Amino acid sequence: MTLLDGKKISNDIKDEIAAEVQQMKSRGERVPHLAAVIVGSDGASLTYVGSKVRACERVGFESTLKQLPESTSEAELLELVAALNADPEIDGYIVQLPLPKHIDEQKVLMAVHPDKDVDGFHPANFGKMALELETFISATPFGIIELLQRYGVETSGKHAVVIGRSHIVGRPISILLSQKGPAGNATVTLAHSRTSNLPELCRQADIIVSALGVPKFLKADMVKEGVVVIDVGITRVPDPSRERGYYICGDVDFEGVSPKASYITPVPGGVGPMTIAMLLKNTLLARQRHGGRG
Ligand code: NAD
């Protein structure tokens, strides 16, 4: 069994990006600038945004954190989005999800200029991704593809089962795995909450990407020998014995499944760090593609 070490690979990617930033600096160019918008004070969201901002510092990017109160109206948030779209100093930005219930998430994501949409959530970018055109691929599926590629995991001709059909993970990774190209050419089954024979499908899978958010959902008796397992799940499970009061758990029963797997991602330290590295990569691409607009 080989561990797909997202922590190590993400550090390699960050080193590559940092070297690129150094070169930009030595040429006297402006470095990439990522902004992050967060509305409210959800603990997990604050942790994610904090990690993203720290990662920017680590590679030499500029970063700006816009933290707005929970009471922010949709109109106020849209105003900030318009200002970020117009700001020539900002190469890309993200609006951390979920947003408070009184704000229409889709409306906000649609307002992000596609050229600055480093999360790849805008329909124009999602559509380009589906058509295999150059775009921003959402950081989590992009990270999974990168991890598979860097470990030389064969996907061509394999049967991949993706569990979960969300717009940010399941659906895009199912499209990418089936495309022509690196870490593609797989035959993909996209499973979801209405799938009736999931254990049977999983037992036929050469590759399983689990993105449903149910701790230890995928058990040893649901996988075949030699399976490649990508665990996207991140669930905070309450645990009073820990200082933080919780621990992070993936979708996969790692203890049971890993002895049967040829490759497997750990949680934490698998897909999570890759997601952040690919967000940085998209920001660098935004800087390079648009040359800083204005
Ligand atoms: P979501 O909650 O939007 O969707 C879950 C999907 O799982 C749905 O499509 C649903 O149909 C499917 N599902 C639910 N129960 C099922 C069942 N019993 N059988 C089959 N399918 C079932 O999910 P999301 O936003 O894609 O997130 C999924 C998980 O991945 C969460 O734990 C989330 O925290 C994590 N996540 C991790 C990263 C990362 O960087 N590692 C990024 C995004 C999301």
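Given the structure is predicted, the values throughout are model-derived calculations rather than measurements. FYI, side chains are in, hydrogens and waters are out, and symmetry mates aren't considered; it's all heavy atoms of this structure. For ligands, and for the atoms within them, numbers begin at 1 and follow the listed sequence.
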N/O pairs closer than 3.5 Å, ligand 1 and protein:
{"residue": "ligand 1", "atom": "9 (O)", "partner": "Arg165", "partner atom": "N", "Å": "2.8"}
{"residue": "ligand 1", "atom": "11 (O)", "partner": "Ser193", "partner atom": "N", "Å": "3.0"}
{"residue": "ligand 1", "atom": "11 (O)", "partner": "Ser193", "partner atom": "OG", "Å": "3.2"}
{"residue": "ligand 1", "atom": "21 (N)", "partner": "His192", "partner atom": "O", "Å": "3.4"}
{"residue": "ligand 1", "atom": "21 (N)", "partner": "Ser193", "partner atom": "N", "Å": "3.3"}
{"residue": "ligand 1", "atom": "26 (O)", "partner": "Ser166", "partner atom": "OG", "Å": "2.5"}
{"residue": "ligand 1", "atom": "30 (O)", "partner": "Val232", "partner atom": "O", "Å": "3.4"}
{"residue": "ligand 1", "atom": "32 (O)", "partner": "Ile234", "partner atom": "N", "Å": "3.0"}
{"residue": "ligand 1", "atom": "32 (O)", "partner": "Ile234", "partner atom": "O", "Å": "3.2"}
{"residue": "ligand 1", "atom": "34 (O)", "partner": "Ile234", "partner atom": "O", "Å": "3.0"}
{"residue": "ligand 1", "atom": "40 (O)", "partner": "Thr275", "partner atom": "OG1", "Å": "2.8"}
{"residue": "ligand 1", "atom": "41 (N)", "partner": "Val232", "partner atom": "O", "Å": "3.4"}

**Asked** Should Lys216 and Glu255 count as an ion pair when the cut-off is N to O under 4.0 Å?
**Response** no

**Asked** Do the side chain of Lys14 and the main chain of Ala277 share a donor and acceptor less than 3.5 angstrom apart?
**Response** no

**Asked** Where the side chain of Ser138 meets the backbone of Pro141, is there a donor-acceptor pair that is under 3.5 Å apart?
**Response** no

**Closest non-hydrogen atom pair between Leu84 and Lys66, with its separation** = CD2-CE, 4.4 Å

**Identified side chain to side chain donor-acceptor pair (under 3.5 Å) counterpart of His33 within the set Thr64, Asp87, Thr283, Asp91** = Thr64

**Item:** Distance-only side-chain donor-acceptor flag, Asn85 / Tyr93, under 3.5 Å
**Value:** yes

